[in-house]
**Student:** 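Supplied in structure tokens, the structure appears directly below.
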Number of protein chains: 2
Amino acid sequence: MTSDAIARIRRFNRIVTAEVGALDTSFLGRGRPLGSARVLNAIGHGQSDVTAIRERLNLDSGLMSRLLRALEEEGLIETVPHPEDARRRVARLTPAGAAEFAAYEDLSNTQAGGFLDRHARPDELLAAMDLVASALGRHRIALEEMDPRDPVARACLEAYYAELAVRFEGGFDVKLSRDPDAADMIRPRGAFLVALSEELAVGCVGVKGQGGAVAEVKRLWVSPAARGIGLAHKLMAGAEEAARSLGVEVLRLDTNKALPEAQKLYRSTGWTEIPRFNDDPYPDTFFEKRL
Amino acid sequence: MTSDAIARIRRFNRIVTAEVGALDTSFLGRGRPLGSARVLNAIGHGQSDVTAIRERLNLDSGLMSRLLRALEEEGLIETVPHPEDARRRVARLTPAGAAEFAAYEDLSNTQAGGFLDRHARPDELLAAMDLVASALGRHRIALEEMDPRDPVARACLEAYYAELAVRFEGGFDVKLSRDPDAADMIRPRGAFLVALSEELAVGCVGVKGQGGAVAEVKRLWVSPAARGIGLAHKLMAGAEEAARSLGVEVLRLDTNKALPEAQKLYRSTGWTEIPRFNDDPYPDTFFEKRL
DNA sequence: CATGATGTCTGACTTAAGTCAGCTAATGCG
DNA sequence: CGCATTAGCTGACTTAAGTCAGACATCATG
């Protein structure tokens, strides 16, 4: 660790703490203290359960209660008892609250957009922001199981195919590869996991089964911005856990020498190389793991 | 501006606001409120003039006064009247204050270092942080005149030469180029400007004169992380201003077709192409501007 | 149905941060 | 010198944020 690197990180911290507030001033400038604005924002983003909001924003129950009252008095939200448990309360926006929330969103979007517009190489800047955000927010990345035909999942898969096309000499064509059938990656036969970092998909993996004791791991992908923070490891662990819950006893996968990082990962996490088990034209190396 | 880009910026904002505090917790964790810690930090970094600190941290005079008293009562600083103006006060660290400041610095450095260590590609991460910080902090970049032999200036020049070596077919050797004599870029004959973003050098430019009415602009360089935010423009404006203050009437410069961005900048800011005026082997295009 | 746990609310408090007006002492300038 | 300006200090105030203890209703469980 050179002192130069540390100086650069600290410069980043100084600038970012000073400027990000200014960048996302949507919270300010509408005459509402930060606390209320944060709660309004959380409710606008679909969080309705009061306890859930409290946990997310890390607020004391007393403070939370007062903030809710203040928003209620402003006519922006209304709270009703939870239908299944009258101790809990559920908050939702009134029409006035929805308008106020939309105003915050607009402000925020315009400001975010303006920031990019003022740069000559917005794509590079955006990629850098993704990289930094992924590194900073690594522990906030959560795996979510979803339908592989979901638009979010599809976006991951497209990125995966595009990358293979570049990595493999001679390109890559999904239709030539084995069985891109989604049904095999949905319960009860299989599963598909997407890694989400604040709603942005940064990786995925699929478990493809036929209902038997053997299943395959497919479509392991990590977004370029999220590489180097151990996400592939986390995705594989998630895939194994999903497979176990599906009753799978043996997991297999095929891969290619063009993806050396992947092979290194498999070998270091209990996978052993086995002979070819399919006639797919793309893979050249095969692995197995007993759960 | 696609909605995807905006989502990504906002993800960055969310993560960064949540994590940077945690990243630079040096301010916290030592049982001192943020305000006092910031003041202590500013003094530790060499700011002694009370007014200067107040302006930098944007503090009310009353608040500032109280923060200083609190630090004084803790025995961390002492204040004395300014030797040249008894209305103003000067603050400095006591030995105890210096120790406390060092503790903050240590904490901060360890945390910054740990963040990089946890990433598989620290260089890339650092470059991304530089890029983002430069874009966010573009308006905080200040030009400072300094001796071209100063270590900070030298670092810029090394980077400049290294880049030319890559850009030019056949490389670049300073010794073959004309007159790398520093004295011509120091007042009263010339000037050398460095662009500083929070103490990090991100660009430079030199005005090389012989005491006459004609001078040359040399060594215009912008760090890769700071490109695309108009810094070259700012540096050239600074160079022209410095030249004017030196009594220069005509500025000249030589450049190369391998640097098309530079040529575009010159043409758009009042420079006109002129015939070759030296026998330096590297340049192939020549410009002039009457001040 | 008694009991303890849970979720929310309320009142009384603390702390940090900041604003504002008026004061004093030193300074610069005609 | 007189006078306006400047730098800093002080007291009285406000606001935001958060803590804590207790009250109260609801719920789960034996």
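First the proteins, then the strands, lettered A, B, ... as listed; each starts at 1. Quick caveat: nothing in here was measured; it's all calculated off a predicted structure.
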**Student:** Run the side-chain contact (heavy atoms from CB on, under 4.5 Å) test on A:Val39 and A:Ile77 for me, step by step, so that the C-alpha distance in whole Å, both residues' side-chain angles and the decisive distance to 0.1 Å come before the verdict.
**Tutor:** CA-CA 10 Å; A:Val39 171; A:Ile77 63 163; 5.7 Å; no
**Student:** Calculate the interatomic distance between B:Glu55 atom CD and D:dG8 atom C1'; express it in whole Å.
**Tutor:** 14 Å
**Student:** Could you tell me whether the side chain of B:Arg87 has a donor or acceptor atom within less than 3.5 Å of a complementary atom in the base of D:dT6?
**Tutor:** yes
**Student:** Mind calculating the distance between CG (B:Leu57) and P (C:dA17) to the nearest angstrom?
**Tutor:**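 Result: 12 Å.
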**Student:** Any heavy-atom pair between the side chains of A:Leu143 and A:Val194 that's under 4.5 Å?
**Tutor:**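 In short, these two side chains do not touch, never coming nearer than 4.5 Å.
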**Student:** Whole-Å distance between D:dT6 C1' and B:Asp85 CG?
**Tutor:** 8 Å
**Student:** Are B:Arg89 and B:Thr79 linked by a side-chain donor-acceptor pair shorter than 3.5 Å?
**Tutor:**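 Judged by distance alone, the side chains do pair up.
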**Student:** Please give me every residue in residues 59-75 of chain A whose heavy atoms get under 4.0 Å of an atom in DNA chain D, ordered by residue number.
**Tutor:** A:Leu59, A:Asp60, A:Leu63, A:Arg66
**Student:** Quick check: on DNA chain D, is the nucleotide nearest A:His82 upstream (toward 5') of the one nearest A:Gly35, or the reverse? Name the residue that is more 5'.
**Tutor:**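 It is A:Gly35 whose nearest nucleotide is closer to the 5' end.
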**Student:** Whole angstrom is fine here: how far is it from CZ in B:Arg89 over to P in D:dA7?
**Tutor:**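 Going from B:Arg89 (CZ) to D:dA7 (P), I get 15 Å.
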**Student:** Less than 4.5 Å apart, side chain to side chain, heavy atoms only: is that true for B:Met185 and B:Asp147?
**Tutor:** no
**Student:** Distance check needed: D:dA16 C1' versus A:Arg38 CZ, whole Å only.
**Tutor:** 12 Å
**Student:** On DNA chain D, does the nearest nucleotide to B:Val90 precede the nearest nucleotide to A:Ala86 from the 5' side, or the other way round? Give the residue.
**Tutor:**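 Its nearest nucleotide being more 5', the pick is B:Val90.
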**Student:** Do any N or O atoms from the side chain of B:Thr94 and from the backbone of B:Leu76 form a donor-acceptor pair under 3.5 angstrom?
**Tutor:** yes
**Student:** Closer than 4.0 Å, any side-chain N/O of A:Arg32 to the OP1 or OP2 of D:dA16?
**Tutor:** no
**Student:** Looking at B:Ala135 and B:Ile229, what are the two nearest heavy atoms and their distance?
**Tutor:**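 The pair with the smallest heavy-atom distance is CA-CG2, 4.1 Å.
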**Student:** What's the shortest heavy-atom distance between A:Arg187 and A:Leu246, and which atoms?
**Tutor:** NH1-CD2, 3.6 Å
**Student:** Between C:dT24 atom C1' and B:Arg88 atom CZ, what is the distance in whole Å?
**Tutor:** 18 Å
**Student:** Atom CZ of B:Arg54 to atom P of D:dT6: distance rounded to whole Å?
**Tutor:** 12 Å
**Student:** Among C:dA16, D:dA7, C:dT27, which nucleotide sits nearest the side chain of B:Pro33?
**Tutor:**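 Side chain of B:Pro33 sits closest to C:dA16.
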